[in-house]
Number of protein chains: 2
Amino acid sequence: MPVLSLRIDFEDGGRIGPGKIALLEKIAETGSISSGARAMGMSYKRAWDLVDETGRLLGAPVVETRAGGARGGGAQLTPAGERVLERFRAIEEAAAKVAEPHIDAMLKDNG
Amino acid sequence: MPVLSLRIDFEDGGRIGPGKIALLEKIAETGSISSGARAMGMSYKRAWDLVDETGRLLGAPVVETRAGGARGGGAQLTPAGERVLERFRAIEEAAAKVAEPHIDAMLKDNG
DNA sequence: GCTCGTTATATTTGATCGTATATAACGGCT
DNA sequence: AGCCGTTATATACGATCAAATATAACGAGC
């Protein structure tokens, strides 16, 4: 059964969508970019690039990082990071609700 | 100013989003896959592949084609093609309306 | 029956994207 | 002081994506 997914498109072609949002969530859960990347099944470099671009698009860093220390370091969401995550989930929920009858109708159109 | 875009994700990984929908519109306007592809700035092959996959995902062809004849042939949307276009536009409109306040709030969060 | 633009399909070329790998700095902990 | 996992970054390799090119069939109109 098909499901709606959405993205926020910026003027320069950059986008924030389910992938970057899920990564932010994993980083918040696991406490580092690298473990978040592992949880997402992607390379650290890719995760770092995604986090970096998310911050660039929003005009504010979405994670605060620290290198070194007992466990090597880590990362946590900045307030801006937490906000974009919450807002994106709110948009998803609202959009899914209003789209549901249309999707149901679309499915009934054919098989 | 960022804008919302959405896609319908199917279980097998296939998606229907703004690109395929815009292509269908161009085909309807211009009367052929190839002229629709030109209007979208893409190759005929890519346009054909997109049309084909859209039909596959929906379980019904979205264009009816004919080769040969005075103007070489052409294509027009099937009822299924017209329906998915209308429904997608309806979903977009409804989603944009409910998402707008959230996006405004997100913009106010930073710059 | 020849032409012309289209559909339909295969193959090659090139660009883009992501992984893998390497390297350096960092800093609590033992 | 040394260790370890992390951040941050660069480079090389592979895979995937899309364009470009090529080919054949089609059929109304001249």
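Chain A is the first sequence line, chain B the second, and so forth, proteins listed ahead of strands; every chain is numbered from 1.
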Would you tabulate the side-chain donor-acceptor contacts of residues 54-69 of chain B under 3.5 Å, counting partners in other chains and residues two or more places apart, or write 'none'?
| residue | atom | partner | partner atom | Å |
| --- | --- | --- | --- | --- |
| B/T54 | OG1 | B/L50 | O | 2.7 |
| B/R56 | NH1 | B/D12 | OD2 | 2.7 |
| B/R56 | NH2 | B/D12 | OD2 | 3.4 |
| B/R56 | NH2 | B/E53 | OE2 | 3.4 |

Going by heavy atoms closer than 4.0 Å, what residues in residues 12-19 of chain A are next to DNA chain C? none
Which residue lies toward the 5' end of DNA chain C, A/A47 or A/A70, if each is placed at its nearest nucleotide? A/A47
From A/S35 atom OG to A/I27 atom CD1, the distance as rounded to the nearest 0.5 Å: 8.0 Å
Enumerate, atom names and distances included, each donor-acceptor pair closer than 3.5 Å involving a side-chain atom of residues 84-93 of chain B, sequence neighbours excluded.
| residue | atom | partner | partner atom | Å |
| --- | --- | --- | --- | --- |
| B/R87 | NE | A/D109 | OD2 | 2.8 |
| B/R87 | NH2 | A/D109 | OD1 | 3.0 |
| B/R89 | NE | B/E25 | OE2 | 3.1 |
| B/R89 | NH1 | B/E92 | OE1 | 2.8 |
| B/R89 | NH2 | B/E25 | OE1 | 2.7 |
| B/R89 | NH2 | B/E25 | OE2 | 3.2 |

For the atom pair CZ (A/R15) and OG (B/S5), what is the distance rounded to the nearest 0.5 Å? 7.0 Å
Contacts under 3.5 angstrom, residues 36-48 of chain B side chains, donor-acceptor by atom type, not counting sequence neighbours:
| residue | atom | partner | partner atom | Å |
| --- | --- | --- | --- | --- |
| B/S43 | OG | B/R46 | N | 3.2 |
| B/K45 | NZ | B/D49 | OD2 | 2.8 |

Rounded to whole angstroms, how far apart are CG on A/L50 and C1' on C/dT19? 13 Å
What string of B, S and - do you get for nucleotides 6-17 of chain C 5' to 3' if you count protein non-hydrogen atoms under 4.0 Å? BBBBBB------
Hydrophobic cluster of B/V3, others only, ordered by chain and residue number, side-chain cut-off 4.5 Å: none
Rounded to the nearest 0.5 Å, what separation is found between the NZ atom of A/K20 and the CD1 atom of A/I8? 10.5 Å
Would you name the heavy atoms of B/A75 and B/I33 that are closest together and state the gap between them? CB-CG1, 3.9 Å
